[in-house]
Amino acid sequence: PGLGFWLELHQEMIACGTGEGFGTVTWWGFSPAMDFQKQGLSASMKALRSNEDGVPELNILMVGAGDSRHLLTTICRAHRWPTRKIHFYIVENNLELLGRHLLFLTIALERPSTMGLREKTELLLELFGNSLIRSQTATYLQERANDFIHYVTDLDYLEKKLPMVDMGSLKFKERDQLEAIFKFWRDPDAKMFQISKLWDLRSRQYLGNRYDSKKGVYDWDLHMKLYDRGANIINNRQYYQWRDKGLAFVNREGLYDVPNKSLASGLLVNCKGEKIAARGYWGDIVTSPYVAFGIVSEEESLLKKANGIYVKTAQDISQHNVTALFHELVSKERYVLLPSKEEATLTEITDEDELKEASRTKDKATGESEQIVTEGQTVKQCHGMDVSGPAEYDYLPLPDVNIHFLPLNCVTELHNKSNYRNLFNVIYLSCSMVHQLKPELEQIAAPGATLIVELTKFMLDLRSETLSRFANRVAELGAGAGFLPVGTVDSDRDAFARFELKEDP
């Protein structure tokens, strides 16, 4: 049911160019990062079951999120909510995406003694959204890939080093394929993935005869589509640079000349009538990575305008938001910009100045002195989390979090296993995985469960009427799975739709 709608949607995307601008792999999402504990309905949270220690357990199923924006946001802001044990279950349609989840998680959990706050932020954003990276970033990727190979081939070693991550549910074949992916990441030969050429080929295929006037196309997509849909903080110079070369986050003076192999994936393509596997860049070349972290912020001062123009850019917002998350993860306090520094750029505001001021304010209020992370320093004690060395693990501990990697595209099979029935309090589906929204979902949803579905607002190849039809179709599929809509949805303005599981009569 509904196959005709998806085929029609597919044809409309192709009609807007000679190829699909959003690609076949969701390297980054088409919606801003969210905290699942904030977006989950109160009924879902009240229905949580407690473990043997009396701690409520929140079970979250993430289907096709693509990147780790929701995962990291929920983990880093967990201190804002009552104590809960959070279990994430991650389903993707591509193994490279699971590898990227592992990569971004390990960056977030790097100890302050190993990596400063700013360095950690720049490293994540660079690997997250850049086609080309600096040599030191490539070295980091190769080193972590070597660790990951050990993790997927020895689950006991994984439990020792990253006890919050569980890969035991993956099929043996999938773990073997992940090992091959990580070996590709580890290989320093840049010629194995010539992403600059691949990016240009994708652009030529997508634009067709518009390629020679591509700057005009970029301008139209930015001003008449992204701006019209609420992403008007994206800077035209930065957007044009990303559309042209795939460079979204250029944070320091440096040479960005090494292919980002974490953006490589395989695809079966037609070659002389035969299907062959081709490694290439098969992700988004139209919307940009800025939507994930760079168009909204809790820090309202970053969204100010001067003479009708935003003072900050989407890159600035992204850098601030990721820095704030990493700060909260360690300090268990919100990251706040000082008013005296508002007029400075983010790169001019040092982490040390802000955190020293925060420490002084806390000392005056409580009479206590507590050492807080600054650039290049070690956190000795942060609200009960001992992050000093020597450490039992190489990474920061997450005692109240478990992350389970599930087999590819397994959502409609989960109801066949008793341990997943009536389990999930929050279920998230990306717009590219809405076809997984089937009646079986009701059987794995916990009482009062929240269903969050990403809409197609930031899929620029879709017309406004198609956005509305997609939202209506999502509501129909949700009803078929036993979920009722929460509030009204404006497909032109809303990035998500929320639903609540119907109560049994």
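In terms of modelled atom types and a separation under 3.5 Å, the side chain of K120 and the main chain of A108 share a donor-acceptor contact. The main-chain N or O of G54 is found under 3.5 Å from a side-chain atom of N51 such that the two form a donor-acceptor pair. Under the 3.5 Å distance criterion, the side-chain polar atoms of E126 are matched with a main-chain donor or acceptor of R134. Judged purely by atom type and a 3.5 angstrom limit, R229 uses its side chain to pair as donor or acceptor with the backbone of K457. Under a 3.5 Å cut-off, the side chain of R80 and the backbone N or O of C76 do not form any donor-acceptor pair. Although no hydrogens or angles enter the test, the distance criterion places no donor-acceptor pair under 3.5 Å between the side chain of D400 and the main chain of R84. Panel note: side chain S331, backbone H327; a donor-acceptor pair is recorded below 3.5 Å. Formation of a donor-acceptor pair under 3.5 Å by the N130 side chain with backbone atoms of A248 is found in this model. Between the side chain of N425 and the backbone N or O of N59 there is at least one donor-acceptor pair closer than 3.5 Å.
Taking the side-chain contact (heavy atoms from CB on, under 4.5 Å) definition, one finds that V296 meets it with P32, sequence neighbours left out. Partners of D35 by side-chain contact (heavy atoms from CB on, under 4.5 Å), not counting sequence neighbours, listed by chain and number: Q37, K38, T73, T74, R77, W81. For S68, the side-chain contact (heavy atoms from CB on, under 4.5 Å) test picks out L71, L72, H101, F104, with sequence neighbours left out. Here W28 pairs with D284 under the side-chain hydrogen bond (donor to acceptor under 3.5 Å, both in side chains) rule; sequence neighbours left out. Remark: E413 pairs with no residue by the side-chain hydrogen bond (donor to acceptor under 3.5 Å, both in side chains) rule, at least two apart or across chains. With sequence neighbours left out, R421 forms a salt bridge (Lys or Arg N to Asp or Glu O under 4.0 Å) with no residue at all. Taking the salt bridge (Lys or Arg N to Asp or Glu O under 4.0 Å) definition, one finds that K183 meets it with E179, sequence neighbours left out. S318 meets the side-chain hydrogen bond (donor to acceptor under 3.5 Å, both in side chains) test with no other residue; sequence neighbours excluded. Every side-chain contact (heavy atoms from CB on, under 4.5 Å) that S432 has, sequence neighbours left out, goes to T26, S430.
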Could you give the side-chain donor-acceptor pairs of residues 439-452 under 3.5 Å, partners two or more places apart or in another chain?
from : atom 1 : to  : atom 2 : distance (Å)
T450 : OG1    : L41 : N      : 2.9
T450 : OG1    : S44 : OG     : 2.5

If you look only at distance, which donor and acceptor atoms sit under 3.5 Å apart when one is on a side chain in residues 489-496 and the other is two or more places apart or in another chain?
from : atom 1 : to   : atom 2 : distance (Å)
D490 : OD1    : D492 : N      : 3.0
S491 : OG     : S468 : N      : 3.4
D492 : OD1    : S464 : OG     : 2.9
D492 : OD2    : S464 : OG     : 3.3
D494 : OD2    : D490 : N      : 2.8

Contacts table for residues 142-153: side-chain donor-acceptor under 3.5 angstrom, sequence neighbours left out:
from : atom 1 : to   : atom 2 : distance (Å)
R144 : NE     : D147 : OD2    : 3.1
R144 : NE     : Y395 : OH     : 3.4
R144 : NH2    : D147 : OD2    : 3.0
N146 : OD1    : R186 : NH1    : 2.8
T153 : OG1    : I149 : O      : 2.7
T153 : OG1    : H150 : O      : 3.3

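Using the six-membered ring where Trp is involved, F249 and F128 have ring planes that are tilted, between 30° and 60° apart.
At a threshold of 4.5 Å between non-hydrogen side-chain atoms, the residues L429 and Q436 count as touching. With contacts defined as side-chain heavy-atom distances shorter than 4.5 Å, the pair L155/R175 qualifies. Using a 4.5 Å heavy-atom cutoff, the side chains of Q315 and I317 are not in contact. Side-chain atoms of N260 and L141, non-hydrogen and from C-beta on, do get closer than 4.5 Å to each other. Contact annotation: the side chain of P485 never approaches that of R498 to less than 4.5 Å [non-hydrogen atoms, C-beta and beyond]. Side chains of S131 and Y281 form no contact here, defined as non-hydrogen atoms less than 4.5 Å apart. With contacts defined as side-chain heavy-atom distances shorter than 4.5 Å, the pair E119/E122 does not qualify. Between I75 and I86, every side-chain heavy-atom pair lies at or beyond the 4.5 Å cut-off.
Across every non-hydrogen atom of E92 and G64, the tightest pair is OE1-CA, 3.2 Å. A481 and L437 get closest at one heavy-atom pair: CB-CD1, 4.1 Å. When every heavy atom of E96 is checked against every heavy atom of W185, the shortest pair comes out as O-CZ2, 4.4 Å. Scanning both residues, L408 and N94, for their nearest heavy atoms gives CD2-N, 3.6 Å. Contact detail for A292 and D67: the closest heavy-atom pair is CB-OD2, 4.1 Å. In plain terms, the two heavy atoms of T287 and M459 that are nearest each other are OG1-CA, 4.4 Å.
The cationic group of K261 does not satisfy the cation-pi geometry with F193, failing either the under 6.0 Å distance to the six-membered ring centre or the 45° limit from the ring axis. Cation-pi geometry between R118 and F326 is not satisfied (NZ or CZ under 6.0 Å from the ring centre, within 45° of the ring normal).
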Passes side chain to side chain contact (heavy atoms under 4.5 Å, CB included), I233 versus I295? Steps please.
CA-CA 6 Å; I233 199 168; I295 62 174; 4.2 Å; yes

Worked verdict on E454 versus R69 for salt bridge (charged side-chain N to carboxylate O under 4.0 Å, His left out):
CA-CA 13 Å; E454 180 185 52; R69 68 196 189 284; 3.2 Å; yes

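Between the side chains of E299 and H320, no donor-acceptor pair is found at a separation under 3.5 Å. E110 and Y140 form a side-chain donor-acceptor contact under 3.5 Å, judged by distance and modelled atom types alone. Residues H415 and Y420 have side chains that never bring a donor and an acceptor to within less than 3.5 angstrom of each other. Using a 3.5 Å distance cut-off with no hydrogens or angles, the side chains of T121 and Q319 do not pair a donor with an acceptor. Side-chain contact check for D166 and H404: at least one donor-acceptor pair (N or O, by modelled atom type) lies under 3.5 Å.
Rounded to the nearest 0.5 Å, atoms CG (L337) and CD (E300) are 12.5 Å apart.
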